[in-house]
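Model, not experiment: these values are computed from the prediction. We're numbering straight along the sequence, starting at 1. Quick note: numbers below take in every heavy atom, side chains included, and nothing from hydrogens, waters or symmetry partners. Whatever order the structure lists them in is the order used to number ligands and atoms, beginning at 1.
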Amino acid sequence: MSATLTNKIEIIKATSSKINEVDFENLSFGAVFTDHLFECDYKNGEWQNPVIKPYKPFLLDPSAKVFHYGQAIFEGMKAYKDDQNAIWLFRPDENYKRFNNSAVRMAMPEVPEVIFMDGLNQLLDLDQAWVKPGAGNSMYIRPFMIATGDGVIANPSDDYKFMIILSPAKSYYSGEVKVLIAEHFSRAANGGIGAAKAAGNYAAQFYPTTLANKQGYQQVIWTDDATHTKLEEAGTMNVFFRINDTLLTAPVSERILDGITRKSLIEMAKKEGITVDVRPVLVSELVEAAQNGSLKEIFGAGTAAVVNPIIGFSYKEVYHELPKIENSFALQLKEKLTNIQHKLSEDTFGWTVKV
Ligand code: COI
């Protein structure tokens, strides 16, 4: 990977490690972080002072724009350790591109590739003992950028902080996932920020998702804001529907995140000979397919969620449970994907990149 910044990253090592305090068999998603983080500040129109340093809280002025206007973006990526102890990233170039697309949409400066990639590679190298090998284990990587400039005037900040933190992870969802189909609330609108990984997109989902949680649903599948007739994405993952033997998923748009797991599954499924139809999927056809038995599977796809079967959905207060299925596309694709990610099978797509 690019190496030009290598000598410029200052490395301040932690004097002790927390690793022995961590129960790697019982990790809650995103709750534990490694010993170090990467940080680089944007000031006076330049990225400066890239540093890897011990993970700890930091100070910001109470008027920093991130607190008032939510000028903040992030990415979700994963690294995996193979059985030779080498660490591999999955499609990091895609995360990098999407990060900068989000930055542009949120009027933030783009992060140079060398800062993003060298920061990430050197951080993973330093905290490599935290990346555990074996099926189900991964290192969840959270690059993010916040507006650190002071002052509550509502305009883009002059100053920013880019950071990368690492969290050892197993699965995102621990039990069965049931979803509620949105009838009133919306995640995104045309012309809005739905395609960006902007922090506010996630915060805006918390209230309706909490209402859904209270009714026993883990997630909401969002519908288009204008008509609420088209199925779009769930807030933590894109969604696929299997009707008979065809996989359906909504096209990415201004309202839908261009998921990297989503696009990888589409490519893999096609290669497996599965028919994939990327087109608007109507709520009415889902309900009809559930009623006539042609709806075989629904599953979510995302970096954190990987490939997660959804066992049923509720729409207009009617719950539709999916039948148990023998040859699940979700499980088949998940196995193929995770085997590539863990280097257990040949990566014919060229998606994995060694750290
Ligand atoms: C990811 O899958 O990486 C995401 O960013 C979703 C997040 C809600 C955990």
Side-chain angles (χ1 to χ4, degrees), residues 27-34 70 72-80 88-103 105-106 116 120 124 131 136-146 162-175 177 179-180 182 185 187-188 193-210 212-213 217-222 232-240 249 252 255-266 299-310 330 333-334 337-338 341 351:
L27 293 166
S28 298
F29 181 85
V32 168
F33 295 91
T34 66
I73 59 168
F74 70 93
E75 265 306 316
M77 320 173 58
K78 274 185 179 167
Y80 308 84
W88 297 83
L89 288 160
F90 184 71
R91 308 191 78 175
D93 48 329
E94 292 287 339
N95 293 96
Y96 171 68
K97 268 191 273 169
R98 193 172 63 183
F99 189 78
N100 277 344
N101 289 342
S102 301
R105 180 62 185 84
M106 296 299 287
F116 190 102
L120 174 57
L124 279 168
V131 190
N137 290 321
S138 64
M139 179 61 77
Y140 185 75
I141 302 164
R142 178 51 70 87
F144 64 102
M145 188 191 339
I146 53 170
F162 169 62
M163 299 182 104
I164 305 175
I165 54 178
L166 305 176
S167 179
K170 287 192 180 277
S171 56
Y172 189 84
Y173 292 104
S174 49
V177 175
V179 295
L180 197 64
F185 293 108
R187 173 186 175 273
I193 58 168
K197 268 188 101 68
N201 274 336
Y202 294 79
Q205 297 179 73
F206 290 166
Y207 174 66
T209 306
T210 304
N213 294 160
Y217 302 99
Q218 286 66 38
Q219 275 287 298
V220 175
I221 294 185
W222 301 104
E232 304 224 304
E233 64 164 281
T236 55
M237 50 200 185
N238 296 105
V239 268
F240 287 81
T249 193
V252 291
R255 301 184 308 270
I256 303 182
L257 195 78
D258 186 5
I260 296 157
T261 310
R262 171 191 175 280
K263 69 171 95 172
S264 305
L265 293 189
I266 292 172
F299 55 92
T303 299
V306 194
V307 178
N308 211 301
I310 291 170
L333 292 170
K334 180 177 181 179
L337 178 73
T338 52
Q341 291 169 330
W351 287 336

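- When each atom of ligand 1 is checked for a heavy atom of Phe74 under 4.0 Å away, the hits are 5 (O).
- Ring pair Phe116/Phe162 is parallel by interplanar angle, where below 30° counts as parallel and above 60° as perpendicular.
- Atom 7 (C) of ligand 1 has Arg142 NH2, 4.0 Å as its closest protein atom, hydrogens excluded (heavy atom only).
- Checked by distance only, ligand 1 and Ala305 stay at 3.5 Å or farther apart across all their nitrogen or oxygen atoms.
- Residue contacts with ligand 1 leave out Lys78, since none of its heavy atoms falls under 4.0 Å from the ligand.
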### Message
I'd like to know whether Trp351 forms a ring pair (Phe, Tyr, Trp, His ring centres under 6.0 Å) with Phe90, so could you lay out the CA-CA distance, the side-chain angles of the two residues, the decisive distance to 0.1 Å, and finally the verdict.
### Response
CA-CA 6 Å; Trp351 287 336; Phe90 184 71; 5.6 Å; yes
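- Counting heavy atoms under 4.0 Å from ligand 1, residue Lys197 touches it through the side chain alone.
- Salt bridge present: Glu94 and Lys263 bring a charged side-chain N and a carboxylate O closer than 4.0 Å.
- Evaluated by nearest non-hydrogen atom to atom 3 (O) of ligand 1, the leading choice among Tyr172, Tyr202, Tyr140 is Tyr140.
- With salt bridges taken as basic N to acidic carboxylate O contacts below 4.0 Å, one links Arg187 and Glu233.
- In terms of protein heavy-atom proximity, atom 8 (C) of ligand 1 is nearest to Thr236 CG2, 3.7 Å.
- Using modelled atom types and a 3.5 Å distance limit, the side chains of Asn213 and Tyr217 yield no donor-acceptor pair.
- Listed by number with element, the atoms of ligand 1 under 4.0 Å from a non-hydrogen atom of Ala304 are 1 (C), 2 (O), 3 (O), 9 (C).
- For the pair Arg142 and Glu75, the salt-bridge criterion is not met [side-chain N within less than 4.0 Å of a carboxylate O].
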